[in-house]
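Keep in mind the model is a prediction, meaning the values are calculated, not measured.
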Amino acid sequence: MNVKSVEKLEKSQVAVTVEVTAEEFEAAVQKAYLKMRNKISVPGFRPGKAPRKMIEKLYGEGVFYSDAVDAALPDAYTQAIGSSGLDVVGYPEVEIVDDQIGKDGFTFKATVAVYPEVELGQYKGVSAVKEEVKVTADDVKERLNQMAEREARLVSVDRKVKKGDTAVIDFEGFDNGVAFEGGKGENHELEIGSGSFVPGFEDQIIGMKAGEEKDIDITFPENYTKDLAGKQVVFHVKVNEVKEKQTPALDDEFAKDVSEFETLKELKDDTKAKITAEREQSAKIAFENALLEKVAGDIKADIPEVMIEEQCRRFLDEFKQRLQAQGIPYDQYCKMTGMDEAKFMEDGREPAVRQVKMDLAIAAIIKAENLDVTDEEIEEKYKSMAEQYGMELDMLKKYLDAPTVRNQLLNEKAIAVVVDSAKAEKPAKAEKTEGEEEKKPAKKTAKKAAEGEEEKKPAPAPKKIFTKADLVFNPAEAITDNTITCCLCGKAACSLTSRHLANHGINVEEYKYLCGYPSEQKLMSRNFEAKMRRNVQRAQQARKEKRRAENA
């Protein structure tokens with residue numbers, strides 16, 4: 001094999017011209033003969049016993065040339081790329097030069113994309129807006145109320161049903177006097193106001209008492225199942241029991257039951273500290289992402305199209321795998337949503353370009369700063385991840401190889417180079433439009449009150465307003481036993497982190513509201529949540545037993 005030339009082309013492509021020598025081609029022809037001789041019929045010879053010369057004389061000298069080229073070309077290409085020191089991307093387009101194949105061998109030209117040369121712009125001293133973190137008493141109260149909701153219990157009451165109650169009901173639906181399939185239930189616990197039944201059903205339960213029966217007229221929505229869509233039906237309903245939700249009072253006893261603290265004040269202080277830490281982390285991640293977006297946008301690189309296409313393909317393959325893990329056939333999903341592979345690839349192009357530029361920028365920083373990772377650092381990372389996910393260290397290593405952890409650490413070091421030298425800007429104040437009524441603050445300082453000035457609060461920087469149209473995955477199907485899928489990008493994991501959501505420019509509370517999840521919903525797979533819940537319950541039980549022992 002001889003590399004005759006390496007020609008640089010536009011869009012980070014090269015054309016490598018390679019000669020396969022007569023000796024190499026002869027070996028390939030002999031290999032093709034040995035492979036094909038059993039399939040070639042020659043008069044006077046049993047299958048596989050005809051000499052090569054006889055076959056070539058009967059069928060022509062080039063009878064094995066095509067198979068010989070297929071055998072020789074891949075090895076020659078691999079050797080040529082290695083000897084040329086090229087960092088190729090994707091598969092090559094190959095053509096035989098002048099279509100000349102003979103005893104003397106052949107020459108081919110392989111056109112392939114290579115990893116682009118990256119010219120970094122500014123990556124130190126970059127500035128971006130960093131949100132200021134504030135936690136109010138109302139924020140703390142809301143979090144405590146969520147904790148109380150998780151500790152709530154249902155208690156039977158002797159009164160009429162009202163919104164928020166749970167009614168234990170028997171029901172059966174009739175279409176023109178005939179019971180229809182799937183319309184019957186007994187001792188079903190229905191939370192009034194949850195919207196889990198057909199529109200209009202729950203509202204008509206309000207005001208009923210235990211033991212009371214009545215018929216409810218319902219019209220099914222047009223987008224309901226085919227057999228019932230748009231139909232007017234009657235449900236016969238009997239209320240067996242009325243239950244109300246009772247949440248514990250927010251007092252010292254509540255603090256003892258749900259935490260390691262003895263007083264509500266201690267729990268409030270701890271809750272405020274946790275919310276502050278969460279928001280600081282969210283602001284930190286958003287700040288980092290804004291910086292990296294600037295760095296990535298400032299690089300100069302002739303990015304080959306194949307890199308973008310491969311990233312789009314990776315996005316699509318990952319999405320297919322997540323659908324499969326949830327038992328949803330990809331073809332069925334496309335049929336339900338009206339999507340196809342071409343549309344997926346088109347929609348994925350813009351995020352793919354961003355991802356490729358980000359990867360190129362980080363790799364260029366690693367090279368420019370001569371960053372490296374030690375074996376000790378890799379081991380420490382393994383230990384911290386095992387602790388974070390509650391996994392045995394050896395089990396984690398089975399699922400996550402060392403090169404992956406090494407790359408993650410290198411990326412983190414590159415990001416730190418950018419962040420550590422960055423400048424944080426305060427959020428811009430929103431400009432008042434003409435005629436906008438000024439809002440008076442609740443309180444004034446003595447000095448400003450005397451001067452007649454009003455206090456003004458800085459307005460947050462403009463941010464994207466998300467709607468249901470931004471969701472690429474159905475929230476109702478996003479949480480399974482083993483995974484939770486981000487409904488904004490389709491990425492699946494055992495838990496959905498605030499860092500990931502910050503990449504989209506949304507916080508946890510906003511994401512839950514967008515997806516229609518209750519505020520207490522954990523953004524993690526059901527198995528992962530169950531494991532975490534068991535750990536919390538064990539810790540709470542241990543604290544209760546400790547207090548009993550101390551009081552005994």
**Q** So that I know where these two stand, are F344 and F319 an aromatic pair - ring centroids less than 6.0 Å apart?
**A** yes

**Q** Looking at R279 and E131, does any basic side-chain N land under 4.0 Å from a carboxylate oxygen?
**A** no

**Q** Under 3.5 Å, side chain of Q204 to main-chain N/O of G200, donor-acceptor pair present?
**A** yes

**Q** Inspect the contact between E310 and R313 and indicate whether a charged nitrogen and a carboxylate oxygen are less than 4.0 angstrom apart.
**A** no

**Q** Which residues pass the side chain to side chain contact (heavy atoms under 4.5 Å, CB included) test with Y91, sequence neighbours left out?
**A** none

**Q** Going by the rule salt bridge (Lys or Arg N to Asp or Glu O under 4.0 Å), which residues pair with K268 if we only count those two or more places apart in sequence or in a different chain?
**A**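 For K268 there are no salt bridge (Lys or Arg N to Asp or Glu O under 4.0 Å) partners, ignoring immediate neighbours.
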
**Q** Where is the tightest heavy-atom contact between L292 and M358, given as atom of each residue plus distance?
**A**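 What the structure gives for the nearest pair is CB-SD, 3.4 Å.
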
**Q** State which residues pass side chain to side chain contact (heavy atoms under 4.5 Å, CB included) with D394; sequence neighbours excluded, sorted by chain then number.
**A**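 Residues passing side chain to side chain contact (heavy atoms under 4.5 Å, CB included) with D394: none at all.
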
**Q** Which heavy-atom pair separates V418 from V295 by the least distance, and what is that distance?
**A**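 Heavy atoms only, the tightest pair is CG1-CG2, 4.0 Å.
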
**Q** Does a sphere of radius 6.0 Å around NZ in K294 hold more than 12 heavy atoms from other residues, nucleotides or ligands, not counting ones at 6.0 Å or beyond?
**A**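 Atom NZ in K294 is crowded, with more than 12 foreign heavy atoms closer than 6.0 Å.
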
**Q** Does any pair with a residue in residues 397-411 pass salt bridge (Lys or Arg N to Asp or Glu O under 4.0 Å), and if so which ones, sequence neighbours excluded?
**A**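 Checked against salt bridge (Lys or Arg N to Asp or Glu O under 4.0 Å) - neighbours excluded - the pairs reaching residues 397-411 are D372-R406, E379-K397.
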
**Q** Which ring pair (Phe, Tyr, Trp, His ring centres under 6.0 Å) pairs, counting each pair once, include a residue from residues 134-163, with sequence neighbours left out?
**A**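 Qualifying pairs, neighbours excluded: none.
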
**Q** Check whether any side-chain heavy atom of F171 sits under 4.5 Å from a side-chain heavy atom of H188, and report yes or no.
**A**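 Contact flag for F171/H188 side chains = yes.
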
**Q** Output, in order, the C-alpha distance, side-chain angles, deciding distance and verdict of side chain to side chain contact (heavy atoms under 4.5 Å, CB included) for K160 and I206.
**A** CA-CA 7 Å; K160 294 180 179 180; I206 294 175; over 6 Å; no

**Q** Should the pair R349-E309 be classified as a salt bridge under the 4.0 Å nitrogen-to-oxygen rule?
**A**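 Judged by the 4.0 Å cut-off on N to carboxylate O distance, R349 and E309 do not form a salt bridge.
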
**Q** With K357, which residues qualify under side chain to side chain contact (heavy atoms under 4.5 Å, CB included), at least two apart?
**A** A296, I299, I303, V353

**Q** Considering only heavy atoms from C-beta outward, does the side chain of T166 approach that of L190 to under 4.5 Å?
**A** no

**Q** NZ/K381 to CG/L396 distance, rounded to the nearest 0.5 angstrom?
**A**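 The distance works out to 11.0 Å.
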
**Q** Minimum heavy-atom separation for A128 to L291, with atom names?
**A**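 Answer, listing the atom of A128 first, then L291: CB-CD2, 3.7 Å.
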
**Q** Would you compute the distance between atom CD of E280 and atom CD1 of I285 and round it to the nearest 0.5 angstrom?
**A**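 If we round to the nearest 0.5 Å, E280:CD and I285:CD1 are 12.0 Å apart.
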
**Q** Find the distance between CD1 (I216) and CD (E202) and round it off to the nearest 0.5 Å.
**A** 10.0 Å

**Q** Hey, is D175 close enough to K231 for a salt bridge, meaning N to O under 4.0 Å?
**A**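 Yes, charged N to carboxylate O under 4.0 Å.
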
**Q** Should K243 and V168 be marked as a side chain to side chain contact (heavy atoms under 4.5 Å, CB included) after you check the CA-CA gap, both sets of side-chain angles, and the distance that decides it?
**A** CA-CA 8 Å; K243 296 180 180 180; V168 183; 4.1 Å; yes

**Q** Who are the side chain to side chain contact (heavy atoms under 4.5 Å, CB included) partners of Q311, not counting sequence neighbours?
**A** R314, F315, A352, Q355, V356, D359

**Q** Say whether, by atom type as modelled, one donor and one acceptor occur between the side chain of S259 and the main chain of A255 under 3.5 angstrom.
**A**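 Checking the backbone N and O of A255 against the side chain of S259, a donor-acceptor pair under 3.5 Å is found.
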
**Q** Distance from K162 atom NZ to I192 atom CD1, nearest 0.5 Å?
**A**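 Between atom NZ of K162 and atom CD1 of I192 there are 13.0 Å.
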
**Q** According to salt bridge (Lys or Arg N to Asp or Glu O under 4.0 Å), does anything in residues 209-220 pair up with another residue at least two apart or in another chain? List the pairs.
**A**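 Qualifying pairs, neighbours excluded: none.
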
**Q** Is the closest side-chain heavy-atom distance between L267 and V258 below 4.5 Å?
**A** yes

**Q** Do any pairs count as a salt bridge (Lys or Arg N to Asp or Glu O under 4.0 Å) and have a residue in residues 176-187, sequence neighbours left out, and if so which ones?
**A** none

**Q** To check you understand the geometry: which heavy-atom pair defines the closest contact between A283 and V133, and what is its length?
**A** CB-CG2, 4.1 Å

**Q** For a 4.5 angstrom cut-off between non-hydrogen side-chain atoms, does L323 reach K320?
**A** no

**Q** How close do L144 and F254 get, counting heavy atoms only, and between which atoms?
**A** O-CZ, 4.1 Å

**Q** Could you tell me whether R143 and D139 have a side-chain N and a carboxylate O separated by less than 4.0 Å?
**A**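 Salt bridge flag = no for D139 with R143.
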
**Q** Hey, does E151 have a side-chain heavy atom less than 4.5 Å from the side chain of D257?
**A**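 With C-beta onward as the side chain, the pair stays apart.
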
**Q** Look at R159 together with D165 and state whether they make a salt bridge at an N to O cut-off of under 4.0 Å.
**A** yes

**Q** Considering all heavy atoms of both residues, which atom of F287 and which atom of A422 are nearest to each other, and what is their separation?
**A**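 Reported closest heavy-atom pair: CZ-CB, 4.0 Å.
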
**Q** Let me see the working for F174 and H236 under side chain to side chain contact (heavy atoms under 4.5 Å, CB included), right down to the final yes or no.
**A** CA-CA 8 Å; F174 298 88; H236 183 75; 4.2 Å; yes

**Q** Determine whether the side chains of S127 and E425 contain a donor N or O and an acceptor N or O closer than 3.5 Å.
**A** yes

**Q** Can you tell me if CD on E412 sees more than 12 non-hydrogen neighbours from other groups inside 6.0 Å?
**A** yes

**Q** Answer with yes or no whether the side chains of E241 and S156 bring together a donor and an acceptor at under 3.5 Å.
**A**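 The answer is yes; a qualifying pair exists.
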
**Q** By side chain to side chain donor-acceptor pair (under 3.5 Å), which residues pair with N411, not counting sequence neighbours?
**A** none

**Q** Which residues satisfy the side chain to side chain donor-acceptor pair (under 3.5 Å) test with E266, sequence neighbours excluded?
**A** T263

**Q** Could you grab the distance from atom CG of L400 to atom CD of Q408, nearest 0.5 Å is fine?
**A**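 Output value for this atom pair is 7.0 Å.
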
**Q** Do L154 and E244 touch side chain to side chain, with heavy atoms closer than 4.5 Å?
**A**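 Not in contact.
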
**Q** Could you state the interatomic distance from CD1 (I275) to CD (E142), rounded to the nearest 0.5 Å?
**A**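 Going from the CD1 atom of I275 to the CD atom of E142 covers 8.0 Å.
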
**Q** Once the angle between the rings of F180 and F220 is folded into 0 to 90°, is it parallel (under 30°), tilted (30 to 60°) or perpendicular (over 60°)?
**A**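 Perpendicular: the ring planes of F180 and F220 meet at over 60°.
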
**Q** I'd like to know whether CG of D317 has more than 12 heavy-atom contacts from other residues, nucleotides or ligands below 6.0 angstrom.
**A** yes

**Q** Show your reasoning for whether side chain to side chain contact (heavy atoms under 4.5 Å, CB included) applies to I205 and V237.
**A** CA-CA 8 Å; I205 302 294; V237 180; 3.7 Å; yes

**Q** How about M345 and L316: do any of their side-chain heavy atoms sit closer than 4.5 Å?
**A**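 Yes - at least one pair of side-chain heavy atoms lies under 4.5 Å apart.
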
**Q** Can you tell if the side chain of F201 reaches within under 4.5 Å of the side chain of I169, non-hydrogen atoms only?
**A**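 In contact.
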
**Q** What residues, two or more places apart in sequence or in another chain, satisfy salt bridge (Lys or Arg N to Asp or Glu O under 4.0 Å) together with K130?
**A**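 In terms of salt bridge (Lys or Arg N to Asp or Glu O under 4.0 Å), with neighbours along the sequence ignored, K130 is linked to no residue.
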
**Q** So, are K274 and D270 salt-bridged, with charged N and O less than 4.0 Å apart?
**A**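 The answer is yes: the pair qualifies as a salt bridge.
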
